[in-house]
Protein chains: 2
Amino acid sequence: MIGNRLHKLRALPGTVKTRRLRGHPGAAALKRRIAKRSEMATIKEVAQLAGVSTATVSRALSGARPVNADVAARVLEASHALGYRPNRVARSLRTQVSTTLGLIISDVQNPFFTAVARAAERTAADNGYSLVLCNSDDDLHLERRYLDVLVAEQVAGLILTPADEKASSVDVALAAGIPVVSVDRRLRTADLDTVLVDNAHAVHKAVDLLVREGCRRVAVLVGPEHTTTAAERLRGYRDALTDHQIPEDPGLIVHSQVTGGDVATLHKETKGLITEVIREHSPDSLVITNGPMIAGSLAALADTGRHLGEDLAVVVFDDMPLAEFIGLTSIVQPTEAIAQQAVELLLSRVAGSTPPPHEVVFKSVLTIRTSSSLRRVSPGRRR
Amino acid sequence: MIGNRLHKLRALPGTVKTRRLRGHPGAAALKRRIAKRSEMATIKEVAQLAGVSTATVSRALSGARPVNADVAARVLEASHALGYRPNRVARSLRTQVSTTLGLIISDVQNPFFTAVARAAERTAADNGYSLVLCNSDDDLHLERRYLDVLVAEQVAGLILTPADEKASSVDVALAAGIPVVSVDRRLRTADLDTVLVDNAHAVHKAVDLLVREGCRRVAVLVGPEHTTTAAERLRGYRDALTDHQIPEDPGLIVHSQVTGGDVATLHKETKGLITEVIREHSPDSLVITNGPMIAGSLAALADTGRHLGEDLAVVVFDDMPLAEFIGLTSIVQPTEAIAQQAVELLLSRVAGSTPPPHEVVFKSVLTIRTSSSLRRVSPGRRR
DNA sequence: TTGAAAGCGCTAACAC
DNA sequence: GTGTTAGCGCTTTCAA
């Protein structure tokens, strides 16, 4: 077998030399050949056309090391003629580095996450990285699958909104040396850089506002219990009640169990839950702690004949396109800042920095519109 | 240099044998070593631990070829012990196939596109593919960059909503042998599988409805001119006017020029445009042909003191979360079907099928709510 | 400044 | 059924 190898070793330089001496095929022929294959031109073909070695092509194109000006020009021309673009897969395999970041969000249809995604993408691009986005639909299996894919794809770093504070398995990434930043939610099973908003405080302020407006029976709708955001937002609610010496009524605390991005299901479920609370526990106000639950909640109001900001005061978490139009008082999260911070934390780790994990908490802003008031209106004046 | 090579050639089997004879390091040691490196375990390490060749590991894990049961078990155990997961980069480089699809959408914050993205991802997953999502913000440069990245990343296929019907450069992908499907918009520069909705017809029906409601001065707001959707939707509007023998008033046709995903800018611009139309051209109704333009338009109504479905009838393209609550009559696109169709067309080409390009047009559904009516209400009854 | 050669981690063709 | 080896396309020593 060594003989075999030797044979090839001797044969190879020979072939190359012969080809070179005989003159290379020329751009046109090479181009035709490539078009026919309908595959990417390789560095080898560029080298052949430019009459240099692949190493020189690599150097000329990357500018990593000095190359003779004429040679560089010839390489550039050849690469251009063939429409050459370096194969990232090969490059990344060779260099063991990647300029792609992964972002796994738990709901592509949630405006909060899409806003984060957009801003993150921008920050990544500003730093020369591309960002690929995956949607876990808050499903642990899907999340795990994407984690696996991105790790196997050798991304440089990962941003994640964990579907479950305990069960999310980011260790596949960590074990592969891929740094991970958690956004919007904490992860209890790993010590990660985490970017959050002041969930408890935000809801606290919302309840304060409602109480100031004269509300005493404040209902709250929170998402599934296995995320830290739900727990924190509920805590803010409770703290506020305590502050105002309002006894807690368990009937006013509603947990949605729907998970996953199915808008229709969530809408129906939410509508049912809120309808029940309104009918059974006569709240005078409502805090909705999750953007995707807003539509269903408002549908419940309509169904039960309640009027937003008149006989039922409402504050919601997350801003959305039509919030302004219908006067929805909203807790607005600084999505750009969150995303930027997350990407920056990530990139500093990608660059090799290993400080103890940070936890960055951003303040959210309570944008007061009309829905959070209790204007008693005479029935006749209502349309 | 051949000598050098020979030396290595001889040395290599020796080392391996020595190691093997001396007994492999054992899972614990190997694991420790890997943890310390904080890098992925490689197939080589698994092979070493299982006491077999890398080829056997590959075969045992992929199941591509029969492997002795004991050996397979040992391999499985070793791979599990080391937390081994095949490096996709290397695999894809070697096999020249990839199981990743790319989806480039023009606006992550547009519910239509996110709905498409979600459904596409699902269909891809059902077929054993993962989908990575990129956001071009309708920016040709960004789109091009992502096209480049995904091609260089060797994705198996691409779905795209072209930012510009003429300038989008999908040929980088096509030249690399990567099939491309266009969604939502046509691309004039290449012959692609394309999945669309009946834009013209949908708007036509919307105008019909408004005219039936008694409207005569129907204003229309369309997006930037360089997409085929804008043109088609405008055509639907014009056809409808012709049908009803209503003369066209150029003042009632508004083109938004804002492109890119900046929600705030678009909101402001739209609001300004609609305010002007209302003030200067007194429309009695309004067709908004793009989801992201809805919020700004409604803000303009509020500003000019108009009331939705009372003194101004409105129909919008694209459904959105709060549309139901505010009674917005909407042209709803079958996003799931669109996405599924697109992925299936793409995968059939990925699989090697090369029929002439398809164009699939889906019907949209006009969901009639209250905003499309003209109920004259006495001022006193309005709240 | 340039080229030859090795090698990233994997799979497949070929031997046995 | 298993091992050896070559090679995917690229970058990067090492030599010259």
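Chain letters run A, B, ... following the sequence lines, proteins first and then strands; every chain starts at 1.
Within a 6.0 Å sphere centred on CD of B:Gln96, heavy atoms belonging to other residues, nucleotides or ligands number more than 12.
In this structure, CZ of A:Arg91 is placed 18 Å from C1' of C:dG9, rounded to the nearest angstrom. Residue A:Leu61 contributes atom CG, which lies 16 Å from atom P of D:dG9 at whole-angstrom precision. Distance, B:Glu39 CD to C:dG9 P: 8 Å, rounded to whole Å. In this structure, B:Gln48 atom CD and D:dG3 atom P are separated by 14 Å, rounded to whole Å. Separating the CE atom of B:Met40 from the P atom of C:dC10 is a distance of 7 Å, rounded to the nearest angstrom. In this structure, A:Ile43 places its CD1 atom 12 Å from P of C:dG3, rounding to the nearest Å. If you take CZ of B:Arg65 and P of D:dT4, they are 17 Å apart, rounded to a whole angstrom. Protein atom CG of B:Leu93 is 13 Å distant from nucleotide atom P of C:dA12, rounded to whole Å.
Between B:Val181 and B:Arg349 there is no side-chain heavy-atom pair separated by less than 4.5 Å. Between A:Val52 and A:Val75 there is a side-chain heavy-atom pair separated by less than 4.5 Å.
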Trace of the side-chain contact (heavy atoms from CB on, under 4.5 Å) decision for B:Cys134 with B:Leu103: CA-CA 6 Å; B:Cys134 304; B:Leu103 171 58; over 6 Å; no
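A:Val89 comes within 4.0 angstrom of no nucleic acid atom, judged by non-hydrogen atoms across all strands. Using a 4.0 Å heavy-atom distance criterion, A:Arg59 is classed as a base contact.
Map A:Pro66 and A:Thr54 each onto its nearest nucleotide of DNA chain C; the residue landing nearer the 5' end is A:Pro66. Ranked by how close their nearest DNA chain D nucleotide is to the 5' end, B:Val67 and A:Ala90 are led by B:Val67. Summary of the strand contacts: B:Arg94 and A:Ala55 both lie near DNA chain C, and taking for each the nucleotide with the nearest heavy atom, the more 5' one is attributed to A:Ala55.
Contact annotation: B:Thr56 side-chain N/O to D:dG3 OP1/OP2 distance is under 4.0 Å.
Checking D:dG9, C:dG9, D:dT2 against every side-chain atom of A:Gln96, the shortest atom distance belongs to C:dG9. In the set C:dT2, D:dG3, D:dC10, D:dG3 carries the atom at the smallest distance from any side-chain atom of B:Val52.
Salt-bridge annotation for A:Asp148 and A:Arg144: present, with a side-chain N of the basic residue lying under 4.0 Å from a carboxylate O of the acidic one.
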